[in-house]
Amino acid sequence: MVPPSDNPASIRRRDIKAIAGRILKVVVPLGISAALVVWLFHKVDLDRVEEIVRDGVDYRFIIAMMLVTMFSHMIRGLRWGIQLRASGIPRMPVVAEYVSIFGAYAMNLVFPYLGEAWRCVYVSRRQRCKLSTVVGTDLGDRASDGIVIAMLIALTLFVARPQLTRFLDRYPMGEALHRYATDGSLWICLCAVALLAAVIVWLFRRSKAVKSMERSVARIWSGFAVLFHMKGIWLYLLLTVGIWTCYFMETYLCFYAFPFTRALVDEPGSCWGLVPGLVVFVFGSCSMIVPSNGGLGPWNIAVMFALTLFGISSGAAYSIVCWSFQAGMLVALGIFSALYIMIERRAGRNNVPGSGSLQEKS
């Protein structure tokens, strides 16, 4: 007798669900990006954007931004290497650490979060180690970045309070946000939802979905917990500062590329443009949680909105130029990564004692 889970009808249903899931994972981010880009171009003066791009951009700073982008990913590769080694994974060549990040960010241009999966599989196959171990370090890597973003948000709320207060006072959206944030019933509802979610998880604690979620949380913690007992923790923290300093400099350097943002550098109270730069940077960073292709759409709109807090209405040109050139740099790094992997495979080197090919399964 054929088990119910193995009969042809069940297999077809599983296949259909798997195919539908893959389609949705591609269609939803593409749809979000496309809808936001259409909205973006509908709202901006494209003739004005074209004029600024053609005559008003100092591309020396754009090139400098691209180089800083590459450098930030190199530092991230070195930092992830520390976590990998702390988890018992053999050390990779420095270039391979770079490639794991270069390729991941290039993949994210095609499909959000695909790069995270790719770099875990790449390291797992190359180093012949368990994929779950690599995934744990990746999740821990992202968790540590989440802490940095939370700290930056707190800093932004402190140093840019006048601009944010002005937004809350002058604009209907700001007034609505302020009203909801100060409404006690909203926080009561949020606490009730959190409590209800906890009760549901407890009631269905034996279900596959809850057990899968528990395993994911355990992997996140195991990858993050490595930070507390691994060698090189101070180097890890130093590299973290380097990564986020580079990320901020990508935004700040572009301020000098446009006349309207360059004016913010000399504006009284802007601390040489560091305050508006921080606001734009944090808004752009927070927008990356929205699933889209390399941030296309959400990042542009978030940056444009942040610039309006400082009276700049030409933020579309800034966001389009910065995103396009940064994406171009990621494509170039992705091509370099593909060539590196291809050459290494042909050479038959895996840099792990006793290993043969990159095609070996984890």
Side-chain angles (χ1 to χ4, degrees), residues 68-69 71-89 97-98 100-101 104-105 108 112-113 115-117 119-120 123 132-161 164 181 187 190-191 194 197-198 201 213-252 274-275 277-292 294-295 298-299 302-303 306:
V68 172
T69 297
F71 189 56
S72 70
H73 298 332
M74 293 168 66
I75 299 176
R76 179 172 284 278
L78 294 174
R79 191 186 73 165
W80 194 33
I82 295 175
Q83 274 186 284
L84 292 171
R85 292 191 294 276
S87 298
I89 297 172
E97 291 177 345
Y98 297 161
S100 69
I101 304 301
Y105 278 83
N108 285 338
Y113 313 125
E116 302 303 315
R119 71 165 172 159
C120 290
V123 171
S132 59
T133 302
V134 183
V135 170
T137 61
D138 178 53
L139 294 173
D141 180 78
R142 290 305 181 183
S144 61
D145 286 336
I147 294 174
V148 176
I149 290 176
M151 295 169 61
L152 290 172
I153 291 173
L155 177 62
T156 302
L157 293 174
F158 177 74
V159 301
R161 185 174 180 179
L164 296 174
W187 296 104
L190 291 175
C191 291
V201 168
M213 183 174 64
E214 289 176 348
R215 287 194 296 270
S216 297
V217 172
R219 282 200 301 267
I220 292 174
W221 173 249
S222 63
F224 186 71
V226 168
L227 301 177
F228 299 105
H229 57 75
M230 69 181 186
K231 294 181 179 179
I233 181 62
W234 293 111
L235 178 59
Y236 183 94
L237 294 175
L238 179 63
L239 292 175
T240 300
V241 172
I243 290 169
W244 287 92
T245 300
C246 287
Y247 286 171
F248 170 75
M249 289 303 298
E250 292 168 21
T251 299
Y252 187 64
L274 295 176
V275 172
L278 179 64
V279 173
V280 172
F281 168 61
V282 169
F283 270 72
S285 299
C286 292
S287 72
M288 298 304 288
I289 64 174
V290 180
S292 62
W299 186 86
V303 166

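This is a predicted model, so every value here is computed, not measured.
- In plain terms, the two heavy atoms of V303 and G284 that are nearest each other are CG2-CA, 4.3 Å.
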query = Could you walk me through whether L239 and I82 pass the side-chain contact (heavy atoms from CB on, under 4.5 Å) check?
reply = CA-CA 10 Å; L239 292 175; I82 295 175; 3.8 Å; yes
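- Nearest heavy-atom pair across S100 and R119 is O-CB, 3.3 Å.
- Atom OH of Y247 is separated from atom OG1 of T69 by 9.0 Å, given to the nearest 0.5 angstrom.
- Side-chain atoms of D141 never come within 3.5 Å of backbone atoms of W80 as a donor-acceptor pair (strictly under, hydrogens ignored).
- Of all the heavy atoms in S87 and T137, the pair that sits closest is OG-CG2, 3.1 Å.
- Atom CG of L84 is separated from atom CG of D138 by 9.0 Å, given to the nearest 0.5 angstrom.
- One finds the OG1 atom of T156 at 3.5 Å from the CG atom of L278 (value rounded to the nearest 0.5 Å).
- You'll find the side chain of I75 reaches within 4.5 Å of the side chain of C246, heavy atoms only.
- Between F248 and Y252, the ring planes lie parallel to each other; the angle is under 30°, not in the 30° to 60° tilted range.
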key: M288/I149 under side-chain contact (heavy atoms from CB on, under 4.5 Å): CA gap, chis, key distance, verdict   = CA-CA 11 Å; M288 298 304 288; I149 290 176; over 6 Å; no
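- When every heavy atom of R76 is checked against every heavy atom of I243, the shortest pair comes out as CA-CD1, 3.6 Å.
- Heavy atoms only, all atoms of each residue included: V279 and A160 are closest at CG2-CB, 3.3 Å.
- Rounding to the nearest 0.5 Å places OG of S285 at 7.0 Å from CG of L152.
- Across G115 and N108, no two heavy atoms sit closer than the pair N-OD1, 2.9 Å.
- To the nearest 0.5 Å, the span separating CD1 on I101 from NE2 on H73 amounts to 8.5 Å.
- Taken to the nearest 0.5 Å, the OG atom of S144 stands 6.0 Å off from the CD atom of Q83.
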